[in-house]
2 protein chains.
Amino acid sequence: MQPRSLETRLQLMEAALRLFSQRGYQATSVAEICSAAGASKGAFYHHFPTKQAIFLALMEAWLADLDRSFQQAYQDSADIPTALLQMSRIAGQVFRAADVNLAILLEFWVQAQRDPELWQAAIAPYHRYQQYFAGLIRSGIQGGAFRSVHPDTAARLLVATALGLLMQGLFDPQGADWPAEIESSVRLLVEGFACPAA
Amino acid sequence: MQPRSLETRLQLMEAALRLFSQRGYQATSVAEICSAAGASKGAFYHHFPTKQAIFLALMEAWLADLDRSFQQAYQDSADIPTALLQMSRIAGQVFRAADVNLAILLEFWVQAQRDPELWQAAIAPYHRYQQYFAGLIRSGIQGGAFRSVHPDTAARLLVATALGLLMQGLFDPQGADWPAEIESSVRLLVEGFACPAA
DNA sequence: TGTAAAATACCGACTGGTCGGTATGATTCT
DNA sequence: AGAATCATACCGACCAGTCGGTATTTTACA
């Protein structure tokens, strides 16, 4: 892969990300992406076999990024509750990142509802995160930090809180300080899980 | 409005609802809606000026329905906490209603992101519900049922919980008993808000 | 009450345009 | 030279919305 090629590919992905989140997946044409990226249709179809492929590539890149952030948060934290708090902050940052608007996440999910390949790419990671959080909580219980809540239920509630607040922030960006709201809500939950003795 | 006309209109809306939630808004063509409804394109454009108009009509009908349910729940409940619990059950029913799949709500929101008219129809009700719940909680505080939590924050958390669990249920329908999950989570929150003395 | 006029409801072919994807040739790098 | 990369013209399918015209119901009037 030549440097020029990589550059073109990157431009295409950046343009696609911007346009998809601004206008939506269906409403964005391949021609628009090309023109925004300063490339041609030939270049596009050299790098991506279909329009959906670039969508998938964007999503995988985003998920890989999130994975890295969570991994980092875990390593930087002394204990499980701290790690969960740190991760709630990351969720807030997801929202703050103006480029990767949450709107495109809705697009991902809407598209994934219909397409098996996208479903795999979108839903499998969700399961992974779900089980990851449940595992963290289970560790917290075994380590004595949490009382014996049901790990799966607790994980679902944690995810629901963050997700629900993110969604509300999407509808009403100015309605509240959503990242702060996420952080304080997750803290509330984590304290609720905490072992009174600790 | 003649009975036959009303019937046709209803058929069109039912077909549109089904197709929109199965295939998505953009992916559903007006021709498909017509054929599924056993009507013609002429009939469609006799009843609705644009494709978006039927979408809007569906959403308004759905919201009116939800309003009625909430109103009913409020009237049937002896006190505020009971009313909130009852409403969480309604949220669960929203999910259980197979016809009105949650997917179409995602569609609504995705579309509303881009269109001012839809935004008005989708986001204004959100604000209304938000303030409605905040009002209920405020009443609960004044009535001595709740301790002095911040009504707006509490309402946001309640909505986030229900919304977040609904979204997860959308991705992973078999992953849990989501309606039950919503109910028990909301009960947890409401108990958390409750006045210890009560 | 019977009937003609008017309004409403509906039909389906057609249009102007869009879009994902392809074919083929040009350019750039090694 | 030869492979990788990119450009341009183009194709076939699709689609929202239009339009001229038809069927059905309501209304007006003799």
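Note: hydrogens, waters and symmetry copies are ignored here, and every other heavy atom, side chains too, is used. Chain letters run A, B, ... following the sequence lines, proteins first and then strands; every chain starts at 1.
Taking only side-chain nitrogens and oxygens, B/H47 never comes nearer than 4.0 Å to OP1 or OP2 of C/dT8. Taking 4.0 angstrom as the limit, B/S5 places a side-chain polar atom (N or O) nearer than this to OP1 or OP2 of C/dA9.
Side-chain atoms of A/D67 and A/Y129 include a donor-acceptor pair closer than 3.5 Å. Counting only N and O atoms by type, the side chains of A/Q86 and A/R89 include a donor and acceptor under 3.5 Å apart. If you check the side chains of B/Q168 and A/Y126, you find a donor sitting under 3.5 Å from an acceptor.
For the pair B/L6 CG and C/dT8 P, the interatomic distance rounds to 15 Å; values are reported in whole Å. Atom pair B/L10:CG and C/dA9:P shows a separation of 15 Å (rounding to whole Å applied). Between A/H46 atom NE2 and C/dT24 atom C1' there is a gap of 16 Å when expressed in whole angstrom units. We find that CD of A/Q11 is positioned 12 Å from P of D/dA7, with the value rounded to whole Å.
Taking a 6.0 Å sphere around CD of A/Q52, one finds it holds more than 12 heavy atoms contributed by other residues, nucleotides or ligands. Counted within 6.0 Å of CD on A/Q75, heavy atoms from surrounding residues, nucleotides or ligands total more than 12; the atom is thus considered enclosed.
Minimum interatomic distance between B/M59 and B/A121 (heavy atoms only, all atoms of both residues): CE-O, 3.0 Å.
B/R147 pairs by the salt bridge (charged side-chain N to carboxylate O under 4.0 Å, His left out) definition with nothing, not counting sequence neighbours.
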Practice task
List the protein contact pattern of nucleotides 16-22 of chain D with one symbol per nucleotide (5' to 3'): B for base contact, S for sugar-phosphate-only contact, - for none; contact means a heavy-atom distance under 4.0 Å.
Solution key: BBB----
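The aromatic rings of B/F20 and B/F55 sit perpendicular, their planes meeting at an angle over 60°, well past the 30° parallel limit.
Within residues 110-120 of chain A, no residue has any heavy atom under 4.0 Å from DNA chain D.
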